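Working notes for the structure below.
Letters go in sequence order (proteins before strands), and every chain restarts at 1. None of these values were measured; they are calculated from a predicted model.
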Number of protein chains: 2
Amino acid sequence: MRNRKGGFGECSAGNDQACPVEYTLDVIGGKWKGVILYHLMYGTKRFSDFRRICPGITQRMLTLQLRELEEDGVVHREVYRQVPPKVEYSLTEFGSTLIPIISLMKDWGENYKTKQHSKENRL
Amino acid sequence: MRNRKGGFGECSAGNDQACPVEYTLDVIGGKWKGVILYHLMYGTKRFSDFRRICPGITQRMLTLQLRELEEDGVVHREVYRQVPPKVEYSLTEFGSTLIPIISLMKDWGENYKTKQHSKENRL
DNA sequence: CCGTATCCATGCCGATACTG
DNA sequence: CAGTATCGGCATGGATACGG
């Protein structure tokens, strides 16, 4: 189970005591999931909103990542049956429990992305 | 720059205002980086320690992930020139700034990995 | 003990075209 | 507007053998 995208490594493969950190990364660590969750923190978004926010992502990938987040119960998908179609994505109550983590990652990224700590720059 | 492993998505590709969350995920989001950082929180580890802790990871991948963490300045690699060789890995001071995030991810994983929130189980 | 080198299968992901 | 379908390149990562 939960092997869909290759998943993140588990210590003691198949062990129930596998690192809890990996479980979390399995939920939020997808290539575009960080961006998606980050923007959902600030409110409901439509499919086209994400396409505008992240021009780099393809329809295919956006759909796949949103579906996985939905599967994991962190994102809610509300379909309005009308023409033209309208779909709204939002954090579920469960997904909201991720907000402290996303916020911390946002803060950390803001603090350190400008400062270069990579080895080559410290030589 | 920083395109080594495909990286995580950036909103407004090439924009400096790209999501800070993605920068963070780029550092800690590698397939095995979560496990590695998780265990380094509790102290210095040797190469062979990781192999014991994570039987699923190959030497190749372990090396690659450790090198990337070293490149990013979050992990320090101490080589003892002796026979048999001995190499110790530890968090740098910079790497320690990630501890709050790793800890939160650990807590979240522990709290929710047992409870099933995935869609199929909520039907 | 701690790696590197090489080969190669898998599948991720982008590009493109098409549908309700 | 919000997707699905299909194809294919190529990076990711496993297996194995070898080096300091």
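In this structure, NZ of A:Lys45 is placed 17 Å from C1' of D:dA2, rounded to the nearest angstrom. In this structure, A:Leu62 atom CG and C:dA15 atom C1' are separated by 16 Å, rounded to whole Å. With rounding to whole Å, A:Phe47 atom CZ is found 14 Å from C:dT19 atom C1'. One atom, CD of A:Glu70, and another, P of D:dA2, lie 15 Å apart when rounded to the nearest Å. For the pair B:Gln65 CD and D:dG13 P, the computed distance is 7 Å after rounding to whole Å. Spacing between atom CG of B:Leu64 and atom P of D:dA11 amounts to 15 Å, rounded to whole angstrom units. In this structure, CG of A:Leu66 is placed 14 Å from C1' of D:dC1, rounded to the nearest angstrom.
Under the rule for a salt bridge (Lys or Arg N to Asp or Glu O under 4.0 Å), A:Lys45 has no partner lying at least two apart in sequence or in another chain. A search for side chain to side chain contact (heavy atoms under 4.5 Å, CB included) contacts involving B:Leu104 returns A:Pro100, A:Ile101, A:Leu104, not counting sequence neighbours. Partners of A:Thr58 by side-chain hydrogen bond (donor to acceptor under 3.5 Å, both in side chains), not counting sequence neighbours: none found. Every residue two or more places apart in sequence or in another chain that forms a side-chain hydrogen bond (donor to acceptor under 3.5 Å, both in side chains) with B:Thr97 is listed here: A:Trp108. When the side-chain hydrogen bond (donor to acceptor under 3.5 Å, both in side chains) test is applied to A:Asp49, the partners found at least two apart in sequence or on another chain are A:Arg52.
At the heavy-atom level, B:Arg67 lies under 4.0 Å from the strands shown only through sugar-phosphate atoms.
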Please tabulate, for side-chain N and O atoms in residues 73-81 of chain B, each donor-acceptor pair with protein atoms closer than 3.5 Å (sequence neighbours left out).
| unit_1 | atom_1 | unit_2 | atom_2 | d |
| --- | --- | --- | --- | --- |
| B:His76 | NE2 | B:Glu78 | OE1 | 2.8 |
| B:Arg77 | NE | B:Tyr89 | OH | 3.2 |
| B:Tyr80 | OH | B:Glu88 | OE1 | 3.0 |

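Summary for the helix from C:dC1-D:dG20 to C:dG20-D:dC1: the axes at its two ends, each from 5 pairs, differ by 50° when rounded to the nearest 10 degrees.
Taking the side chain as every heavy atom from C-beta outward, A:Met105 and A:Ile28 approach each other to under 4.5 Å.
Side-chain N/O atoms of B:Arg46 include one lying less than 4.0 angstrom from OP1 or OP2 on C:dC2. At C:dC2, none of the side-chain N or O atoms of B:Thr63 fall inside 4.0 Å of OP1 or OP2 (strictly under the cut-off).
Residue pairs satisfying the ring pair (Phe, Tyr, Trp, His ring centres under 6.0 Å) criterion with at least one member in residues 33-52 of chain A, sequence neighbours excluded, are listed as follows: A:Tyr38-A:Tyr42. For residues 89-102 of chain A, the set of pairs meeting the salt bridge (charged side-chain N to carboxylate O under 4.0 Å, His left out) definition, not counting sequence neighbours, is empty.
Contact check on B:Glu110 versus B:Lys106 returns a salt bridge, with a Lys/Arg side-chain nitrogen under 4.0 Å from an Asp/Glu carboxylate oxygen.
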Which protein N or O atoms sit under 3.5 Å from an N or O of nucleotides 14-16 of chain D?
| unit_1 | atom_1 | unit_2 | atom_2 | d |
| --- | --- | --- | --- | --- |
| D:dG14 | OP1 | B:Lys31 | NZ | 3.4 |
| D:dG14 | OP2 | B:Thr58 | OG1 | 3.4 |
| D:dG14 | O6 | B:Arg60 | NE | 3.3 |

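Remark: A:Pro84, A:Pro85, A:Lys86, A:Val87, A:Tyr89 in residues 80-89 of chain A come within less than 4.0 Å of DNA chain D through at least one heavy atom.
With ring centers used as reference points, A:Tyr23 lies 6.0 Å or more from A:Phe8.
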